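Note that the structure is predicted; figures quoted are calculated from it, not measured. Read the numbers this way: they start at 1 and go in the same order the structure lists the ligands and their atoms. When reading the values below, keep in mind they use all heavy atoms of this one structure, side chains included, and skip hydrogens, waters and symmetry mates.
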Amino acid sequence: MSSDDEADPELVELLRQHFQGKLAVKEEADTGVLDGCEYIYDNCIDVAVDMRASKAAAETIFNKMADQGYSMSSWSEHELHPKTKDEATVDFIFTMDLLNFSFWSELPEDERFAIEYRGRRWTGYWSLVAGLQRALEEGIPITDPEFWRDERECNLEKLKYVFRSCTDEEMPMLKERLDCLQEASQVLYERYDCSAANLVDAADGSAARLVNLLAQDFKCFRDEHVYEGRTKPVRFLKRAQIFVADLWACFENQSFGEFHDIDKITMFADYRIPQILISLGTLYCSPTVTASIKDKKLLESGGKLEMQLRACSIWAVELIRREIKRQHPKADINAILIDFFLYDTIKEMEAQGKEPLPHHRTRSIWY
Ligand SMILES: Nc1nc2c(c(CN[C@H]3C=C[C@H](O)[C@@H]3O)cn2[C@@H]2O[C@H](COP(=O)(O)O)[C@@H](O)[C@H]2O)c(=O)[nH]1
């Protein structure tokens, strides 16, 4: 090649970077949760979504959230949620969402499991948060994976003490909670140098990738179940998703909470959101499901009825989200904020003794 034909080295470098960048673009991760839930929604008969009620609910929810200025910063305004934006808070949220399941009780309000902390009685999810905060104040490193690994230190007796009740009822599923801590400590030790922050970093700023890592590496986060004839299990991944959402809301999309694809996170299929969706008329259930809920009968975890309730709830919130975005394209809203708002709303109704109907009863480690 004569010198005139020599390619411009700067141009060569630019082209190299351009194509290398293209090749390096990681395929966008996806959790597959919405696909599985849409499949159940399209193929089930015991639960359905009422389109008209969903549209009305979308407008009501949007207006109430706007009136309240509901945003991701609402998360940190809760009295018991951690306030510092550091690695200790990542550890706190990871521990919290490892154990964030099944607080409901058969007993009357004044006899149910409750934790006394800061002069108040905390029940449900807040009893978990209060128990963790109280333990840390007592010098028990309950959010440290190294502590979970040492069975002389972290065992059933210690967990009973950490979550000691101010009533005669113990926290439900304590043994299962200990199993979750021990499994998580083993996985963190083997793959993430005993650090939840390393696990978050491994997702490289992708919410979907972090959810998939949790489901892949931790059995206790792998909330997926076979549904009838479908070959692929249906994924709900409730605690994996709420872990990402809690990080995102706590750190306000900065630092450990910064995710470029946070809108891929769906509603968290627990036992509270279906309750409020039914009361809004968004979800309606067959007589069998309605009777089970009304009579507080157990719905089997991973059973057909329970999976329909969870899947249609996720799908209903997705439809509500789409309707809000259709009516208010500039609204800074996603399934997480809709979910958090609905949870806080039903909890306020419960506190005022105005629960419109019971929540469904399933006992499991998934929610
Ligand atoms: N879908 C959904 N499920 C949620 C939450 C929360 C708390 N999130 C906090 C973070 C931001 C929000 O503003 C909340 O302050 C707990 N749960 C689930 O509910 C059940 C506990 O019910 P109860 O026993 O009555 O407290 C149990 O399965 C628990 O895992 C949520 O937000 N969404």
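Heavy-atom minimum distance, Arg239 versus Asp97: NH1-O, 2.9 Å. Across Val49 and Ser54, no two heavy atoms sit closer than the pair CG1-OG, 3.4 Å. Considering all non-hydrogen atoms of both residues, Asn212 and Ala29 come closest at ND2-CB, 4.3 Å. Closest approach of Phe256 to Val200, counting heavy atoms only: O-CG1, 3.6 Å.
In terms of N/O distances under 3.5 Å, ligand 1 is approached by Tyr271. Between Tyr343 and ligand 1, at least one pair of N/O atoms sits closer than 3.5 Å. Considering both main-chain and side-chain atoms, Ser102 never comes within under 3.5 Å of ligand 1 through any nitrogen or oxygen pair. Close N/O approach between Tyr125 and ligand 1 is found [any backbone or side-chain N/O within under 3.5 Å]. Residue contacts with ligand 1: His81 is placed with no nitrogen or oxygen under 3.5 Å of a nitrogen or oxygen of the ligand (distance criterion only).
In this structure, Trp75 is part of the shell of residues with a heavy atom less than 4.0 angstrom from ligand 1. Under the 4.0 angstrom criterion for non-hydrogen atoms, Tyr70 is in contact with ligand 1. Residue contacts with ligand 1: Ile242 is included, with a non-hydrogen atom under 4.0 Å away.
Looking from atom 29 (C) of ligand 1 to the surrounding protein, the closest heavy atom is Asn100 OD1, 3.1 Å. Given atom 32 (O) of ligand 1, the protein heavy atom at minimum distance is Phe340 CD2, 3.3 Å. For atom 3 (N) of ligand 1, the closest non-hydrogen atom of the protein is Asp270 OD2, 3.2 Å. Closest protein heavy atom to atom 14 (C) of ligand 1: Asp344 OD1, 3.5 Å. At the shortest separation from atom 15 (O) of ligand 1 among protein heavy atoms lies His78 NE2, 3.1 Å. With respect to atom 28 (O) of ligand 1, the closest heavy atom belonging to the protein is Tyr367 C, 3.2 Å.
Ranked by closest heavy atom to atom 1 (N) of ligand 1, the top entry among Thr345, Asp339, Ile276 is Asp339.
Those atoms of ligand 1 that come under 4.0 Å of a heavy atom in Lys238, given as number and element, are 18 (C), 29 (C), 30 (O). Listed by number with element, the atoms of ligand 1 under 4.0 Å from a non-hydrogen atom of Trp126 are 15 (O). Close approach of ligand 1 to Lys347 is summarised as follows: ligand atoms under 4.0 Å from at least one heavy atom of the residue are 23 (P), 25 (O), 26 (O). Less than 4.0 angstrom separates some heavy atom of Ile273 from each of these atoms of ligand 1: 1 (N). Near Phe103, meaning under 4.0 Å from one of its heavy atoms, ligand 1 places the atoms 21 (C), 24 (O). The distance from ligand 1 to the heavy atoms of Arg272 drops below 4.0 Å at these ligand atoms: 22 (O), 23 (P), 25 (O). Listed by atom number, the atoms of ligand 1 under 4.0 Å from Phe268 heavy atoms are 1 (N), 33 (N).
Counting heavy atoms from C-beta outward, His78 and Trp126 have side chains that approach closer than 4.5 Å. Residues Arg310 and His225 have side chains in contact (heavy-atom distance under 4.5 Å, counting atoms from C-beta outward). Counting heavy atoms from C-beta outward, Asp144 and Trp148 have side chains that stay 4.5 Å or more apart. Using a 4.5 Å heavy-atom cutoff, the side chains of Thr123 and Phe113 are not in contact. Put simply, the side chain of Thr288 reaches to within 4.5 Å of the side chain of Leu305, judged on heavy atoms. Contact of the Thr362 side chain with the Tyr271 side chain is not registered, since no non-hydrogen atoms from C-beta on lie closer than 4.5 Å. For the pair Val47/Ser286, no side-chain contact is recorded, criterion being any heavy-atom separation below 4.5 Å from C-beta on.
Side-chain N or O atoms of Arg177 include one that pairs as donor or acceptor with a backbone N or O of Pro172 at under 3.5 Å.
The local environment of CG in Asp168 is sparse, with at most 12 non-hydrogen atoms from other residues, nucleotides or ligands closer than 6.0 Å.
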